[in-house]
Amino acid sequence: QAQLVESGGGLVQAGGSLRLSCAASERTFSQYSMGWFRQAPGSEREFVAGISRSVLSTSYADSVKGRFTISRDNAKNTVYLQMTSLKPEDTAVYYCAAKSSLGVSTTPRTYAYWGQGTQVTVSS
């Protein structure tokens with residue numbers, strides 16, 4: 001059972017950058033497809049980015065395309081979310097998630113394992 005721990009959140013001004021990390025305890029991390037989701041107060045959890053276990057496939061929400069980059073280092077059991085040109089509307093709690101089935105999914109219920117979340121706040 002994978003345990004996920006996010007880090008790297010914080011307060012940043014609009015236009016700034018942050019890099020989120022998600023460390024997995026699972027030795028078979030490379031067998032999981034990974035996703036980043038976010039949830040703002042009063043809103044549903046939404047897909048941000050995903051990466052397949054082979055790293056051959058990535059997917060992004062339209063709202064973050066060209067600004068965010070997802071990557072993974074299977075040797076370190078870690079997935080990253082590099083966020084640039086941040087906007088106040090990017091403010092949310094960011095969660096990483098893992099799924100053992102093939103391919104990237106934008107649907108939260110397809111992910112079996114979740115981290116506790118890390119707060120990202122972008123000031124205007």
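Count residues from 1 along the sequence. Remember, it's a predicted structure, so these values are computed and weren't measured experimentally.
Not a single donor-acceptor pair under 3.5 Å links the side chain of R19 to the backbone N or O of Q82. The closest donor-acceptor contact from the side chain of T84 to the backbone of R67 lies under 3.5 Å. A donor-acceptor contact shorter than 3.5 Å is absent between the side chain of T121 and the backbone of L11. Side chain of S105 to backbone of T107: a donor-acceptor contact under 3.5 angstrom is found. Remark: the backbone N or O of Q3 is paired with a side-chain donor or acceptor of S25 at under 3.5 angstrom. Between the side chain of Y80 and the backbone N or O of D73 there is no donor-acceptor pair closer than 3.5 Å. When atom types are taken as modelled, the side chain of K76 and the backbone of T78 share no donor-acceptor pair closer than 3.5 angstrom.
A 4.5 Å side-chain heavy-atom check between M34 and R53 finds every atom pair outside the cut-off. Counting heavy atoms from C-beta on, the side chains of L20 and M83 come closer than 4.5 Å.
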Legend entry - Chi angles and distances behind the side-chain contact (heavy atoms from CB on, under 4.5 Å) call for I70, V79: CA-CA 7 Å; I70 188 170; V79 63; 4.0 Å; yes
Inset, instruction - Report the C-alpha separation of S21 and E6 in whole Å, then their side-chain angles, then the decisive distance to 0.1 Å, and conclude whether the side-chain contact (heavy atoms from CB on, under 4.5 Å) test is met. - result: CA-CA 6 Å; S21 299; E6 302 98 334; over 6 Å; no
Inset, instruction - Output, in order, the C-alpha distance, side-chain angles, deciding distance and verdict of side-chain contact (heavy atoms from CB on, under 4.5 Å) for T91 and V120. - result: CA-CA 5 Å; T91 295; V120 171; 5.9 Å; no
Legend entry - Verdict with reasoning, L86 to Q13, per side-chain contact (heavy atoms from CB on, under 4.5 Å): CA-CA 8 Å; L86 283 161; Q13 289 189 332; over 6 Å; no
Legend entry - Test side chain to side chain donor-acceptor pair (under 3.5 Å) applied to S52 and S57, step by step: CA-CA 5 Å; S52 65; S57 178; 4.8 Å; no
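Atom-to-atom distance recorded for S101:OG and Y111:OH is 8.0 Å, nearest 0.5 angstrom. Distance check, rounded to the nearest 0.5 Å: CD of E89 to CZ of R38 gives 8.0 Å. In this structure, the separation between CH2 on W36 and OG on S59 is 16.0 Å, given to the nearest 0.5 Å. In this structure, the separation between CD on Q39 and OH on Y95 is 5.5 Å, given to the nearest 0.5 Å.
Both the sub-6.0 Å distance and the 45° axial angle are satisfied by R72 relative to the ring of F29.
Between F37 and W114, the angle of the ring planes lies from 30° to 60°, which puts this pair in the tilted group.
Heavy-atom neighbours of E46 CD from other residues, nucleotides or ligands within 6.0 Å: above the threshold of 12.
Salt bridge annotation for K65-D62: present, with a cationic side-chain nitrogen under 4.0 angstrom from a carboxylate oxygen.
F47 is not connected to L4 by any chain of hydrophobic side-chain contacts under 4.5 Å among Ile, Leu, Val, Met, Phe, Trp and Tyr, and they are in different clusters.
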